[in-house]
Amino acid sequence: MNNCTNHPEKKALSICHVCKKEFCELCLVEGREYYYCKNPECQKIFQQELEINNVPQSVICPKCDSELELTAEETKTGKTHCPECEAVIDFTCDPPKVLEDEQYQEILRSLNQGDIGIIESILEDGNIDYFVLGEHFLSVRPLLEPVRIFINAKQLKEAEELLKDFEPKIFGFSSRQDEDFE
Ligand SMILES: [Zn+2]
Ligand SMILES: [Zn+2]
Ligand SMILES: [Zn+2]
């Protein structure tokens, strides 16, 4: 290790993960795995690394202590469902909290990935508090299990209104598969 890039008289502690220059402890910020220097460009990448790491990949169910793997979809909406105890968990807060059952209502199950995507964007545009259980964005094969969409029960009327033009049978079980439209 040579001397610090900024302080020629000080011995370098490590290198910046981004620019690979050597720096002393005053000039470095410790990340989860690497050091970063205070150069704005390097800090930007350091901040991005922090954000990625702040998204949990799994959560512990606060009710029954099961460890739950999160899908990309769940990571996006910040909520998941525990298959062991049926709790709905909000993990955007620390520690994660259990949402009371009656707060969310399942409005739809669907095997149709296109439908789900459209419904999600309608709900997002309408500022409806919703979450989706099950994976669909990363799925390259037909869905084997229906994706379930839950919405905040307080917004049920609102959501019905928003979705009423979309598909008449939306508030029921929709099991139709993707037709082969390309
Ligand atoms: Zn750097
Ligand atoms: Zn230095
Ligand atoms: Zn649980």
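Note that the numbering runs from 1 along the sequence shown for the chain. It should be emphasised that the depicted structure is a prediction, and the values quoted were computed from it without experimental measurement.
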For the residue pair Q155 / Y130, report whether a side-chain donor-acceptor contact shorter than 3.5 Å exists.
no
Any side-chain heavy-atom pair from I151 and L123 closer than 4.5 angstrom?
yes
Who pairs with E25 by side-chain contact (heavy atoms from CB on, under 4.5 Å), at least two apart in sequence or on another chain?
K10, L13
In this structure, would I15 and L26 fall into the same cluster of hydrophobic residues linked by side-chain contacts under 4.5 Å?
no
Is a side-chain N or O of Q43 found less than 3.5 angstrom from the main chain of C37, in a donor-acceptor match?
yes
Single-linkage hydrophobic cluster, 4.5 Å side-chain cutoff, I45 and L28 together
no
Can you hop from L156 to L162 via hydrophobic side chains spaced under 4.5 Å?
yes
Does any donor atom in the side chain of E67 or S58 lie under 3.5 Å from an acceptor atom in the other side chain?
yes
Non-hydrogen side-chain atoms of D129 and Y104 separated by less than 4.5 Å:
yes
Is there a donor in the side chain of Y36 and an acceptor in the side chain of E30, or the other way round, less than 3.5 Å apart?
no
Has S66 got a side-chain atom pairing as donor or acceptor with C61's backbone, closer than 3.5 angstrom?
no
In the single-linkage hydrophobic clustering (I, L, V, M, F, W, Y; side-chain heavy atoms under 4.5 Å), do I60 and V88 co-cluster?
no
Given side chains that start at C-beta, do those of I89 and K79 come closer than 4.5 Å, heavy atoms only?
no
Would you check, one step at a time, whether the test ring pair (Phe, Tyr, Trp, His ring centres under 6.0 Å) holds for F23 with Y35?
CA-CA 9 Å; F23 292 99; Y35 286 102; over 10 Å; no
Whether H81 and F150 hold their rings parallel, tilted or perpendicular, with breakpoints at 30° and 60°:
parallel
Any chance NZ of K157 has more than 12 other-residue heavy atoms, nucleotides or ligands included, within less than 6.0 Å?
no
